[in-house]
Amino acid sequence: MTSIEVPLTFTVGDDEISGIYARPESPFATIVVAHGAGAGMEHPFMSGFTRAMNDAGAATLRFNFPYREAGKKFPDRPPKAIATWRVVMAEAASRSGGEPLWAAGKSFGGRMASMAVAEGMEAAGLIYLGYPLHPPGKPDKVRDEHLYGLTLPMLFLQGTRDAFATTDKLEAVVDGIGRSAVLHWVDGGDHSFNVAGNKRPAEEVGASLAGRVAEFIRAN
């Protein structure tokens with residue numbers, strides 16, 4: 001049974017944003033989940049993933065960045081996105097029963113989580129649901145500098161057809177980070193984890209990633 005979802009609001013500077021919190025009985029972890037650049041927390045991928053995590057025994061908190069809450073298309077700059085992460089993680093910690101608190105994100109949301117941790121935000125680990133290592137078609141413009149100083153457990157979930165991370169580039173980055181980072185390829189998946197010839201609703205696609213994430217968190 002899916003856990004009851006509770007709507008929340010947060011204040012980040014002059015902005016007010018929304019979140020959705022769900023907590024099963026005796027969760028093994030709380031996972032805060034940020035959306036990607038092109039869709040908000042209401043996207044079926046996001047709801048499918050968080051609800052499947054709830055069913056697996058984890059508490060979840062998904063939220064909107066300020067730009068998305070305001071109906072804008074261009075993502076917030078890193079300072080505002082990182083400030084948002086700090087506020088939401090603090091809220092998640094206040095609702096925790098002492099279980100580990102993890103940060104996760106789809107594409108832009110995961111990258112901003114890693115930058116927040118690099119700047120001192122505490123988290124038990126990081127989950128990347130499609131890390132945007134470089135712009136499509138520009139594999140030499142990698143966004144990896146801040147990753148090499150991180151020592152907490154990190155799971156990179158990535159489609160083999162993801163235009164934002166060529167396989168050789170991402171494998172080299174994960175190897176460079178060291179033993180704390182694990183890379184799991186979704187065969188045939190694109191940046192949204194859609195697989196050619198296997199059309200599924202976005203909610204189902206998001207939910208399909210939850211088992212691997214739960215396994216990784218329980219092991220760390």
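We number each residue from 1, following the sequence as shown.
Remark: T84 OG1 to D15 CG distance equals 7.5 Å, nearest 0.5 Å. Between atom CG of residue N64 and atom CD1 of residue I20 there is a gap of 8.0 Å, rounded to the nearest 0.5 Å. Within the model, atoms CD of E5 and CG of N54 stand 7.0 Å from one another, a figure rounded to the nearest 0.5 Å. Expressed to the nearest 0.5 Å, how far CG of L147 lies from CG of L126 amounts to 9.0 Å. For the atom pair CG (L133) and OG1 (T167), the distance works out to 11.0 Å, reported to the nearest 0.5 Å.
Tracing side-chain contacts under 4.5 Å through hydrophobic residues (I, L, V, M, F, W, Y), one reaches I17 starting from W85; they form part of the same cluster. In terms of hydrophobic clustering, with Ile, Leu, Val, Met, Phe, Trp and Tyr side chains grouped at heavy-atom distances under 4.5 Å, I177 and M121 are assigned to a common cluster. Hydrophobic clustering (side-chain heavy atoms under 4.5 Å, transitive across Ile, Leu, Val, Met, Phe, Trp, Tyr) keeps M41 apart from I82. M112 and M89 fall within the same hydrophobic cluster, where Ile, Leu, Val, Met, Phe, Trp and Tyr residues are linked whenever their side-chain heavy atoms come under 4.5 Å apart, directly or through other members. Residue V12 is grouped with residue F65 when hydrophobic side chains (ILVMFWY) are merged at heavy-atom distances under 4.5 angstrom, including chains of intermediate members.
The heavy-atom pair separating H134 from K138 by the smallest distance is CB-O, 3.3 Å. Taking all atoms of both residues into account, the shortest heavy-atom contact from P27 to E99 is O-CB, 3.8 Å. Taking every heavy atom of both residues into account, G109 and A34 meet most closely at CA-CB, 3.7 Å. Of all the heavy atoms in H43 and A39, the pair that sits closest is CD2-CB, 3.6 Å. The minimum heavy-atom distance linking S208 with R200 is given by the pair CB-NH1, 3.7 Å.
For E203 (side chain) and P201 (main-chain N/O), no donor-acceptor pair under 3.5 Å exists by modelled atom type. Not one N or O on the side chain of D168 forms a donor-acceptor pair closer than 3.5 Å with the backbone of A172. R143 places a side-chain N or O within 3.5 Å of a backbone atom of P132 that can act as its donor or acceptor partner. Remark: the backbone N or O of A59 is not paired with any side-chain donor or acceptor of R23 at under 3.5 angstrom. Between the side chain of S96 and the backbone N or O of A92 there is no donor-acceptor pair closer than 3.5 Å. A donor-acceptor pair under 3.5 Å is absent between the side-chain atoms of H35 and the main chain of F108, judged by distance alone. Judged by distance alone, the side chain of R86 and the main-chain N or O of A81 form no donor-acceptor pair under 3.5 Å. Distance alone, capped at 3.5 Å, places no donor-acceptor pair between the D144 side chain and the V173 backbone.
Listed by chain and number, the hydrophobic cluster partners of V186 are F28, I31, V33, F45, M46, F49, M53, W102, I127, L129, L155, L157, V182, F193, V205, L209, V213, F216, I217, where partners are ILVMFWY side chains within reach of under 4.5 Å, directly or through others.
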Check the pair E25 / S3 against side chain to side chain contact (heavy atoms under 4.5 Å, CB included), numbers first and verdict last.
CA-CA 9 Å; E25 185 176 355; S3 303; over 6 Å; no

Chi angles and distances behind the side chain to side chain contact (heavy atoms under 4.5 Å, CB included) call for M154, L150
CA-CA 9 Å; M154 288 182 278; L150 303 180; 3.8 Å; yes

Determine, step by step, whether K199 and E204 satisfy the salt bridge (charged side-chain N to carboxylate O under 4.0 Å, His left out) criterion, reporting the C-alpha distance in whole Å, the side-chain angles of both residues, the deciding distance to 0.1 Å, and the verdict.
CA-CA 10 Å; K199 186 174 179 58; E204 183 179 326; over 6 Å; no

Residue pair H191, K106: steps toward the side chain to side chain contact (heavy atoms under 4.5 Å, CB included) verdict:
CA-CA 9 Å; H191 194 54; K106 177 75 183 76; 3.8 Å; yes

Does the side chain to side chain contact (heavy atoms under 4.5 Å, CB included) test come out yes or no for T60 and T30, once each step is laid out?
CA-CA 5 Å; T60 58; T30 289; over 6 Å; no

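In this structure, a donor-acceptor pair under 3.5 Å is absent between the side chains of E16 and T9. With 3.5 Å as the limit, one finds no donor-acceptor pair spanning the side chains of D190 and S192. Between the side chains of S18 and E69, a donor-acceptor pair is found at a separation under 3.5 Å. Using modelled atom types and a 3.5 Å distance limit, the side chains of W185 and E171 yield a donor-acceptor pair.
For E42, the salt bridge (charged side-chain N to carboxylate O under 4.0 Å, His left out) partners are R68, not counting sequence neighbours. Scanning for salt bridge (charged side-chain N to carboxylate O under 4.0 Å, His left out) contacts around R218 gives an empty result, with sequence neighbours left out. Listed by chain and number, the residues in a side-chain hydrogen bond (donor to acceptor under 3.5 Å, both in side chains) with Y67 amount to none (sequence neighbours excluded). E122 pairs by the salt bridge (charged side-chain N to carboxylate O under 4.0 Å, His left out) definition with nothing, not counting sequence neighbours. Applying the salt bridge (charged side-chain N to carboxylate O under 4.0 Å, His left out) criterion to D140, with sequence neighbours excluded, gives K169.
Side-chain contact between Y21 and V32: absent, with no pair of heavy atoms (C-beta onward) separated by less than 4.5 Å. The shortest side-chain heavy-atom distance between L8 and R95 falls under the 4.5 Å cut-off.
You'll find the ring centres of F156 and H184 outside the 6.0 Å limit. Between F164 and Y131, the ring centre distance reaches or exceeds 6.0 Å.
Geometric assessment of R111 against the ring of Y128 yields a negative cation-pi assignment under the 6.0 Å and 45° thresholds.
By the neighbour-count criterion of 12 heavy atoms within 6.0 Å, atom CG of N198 is densely surrounded, having more than that number from other residues, nucleotides or ligands.
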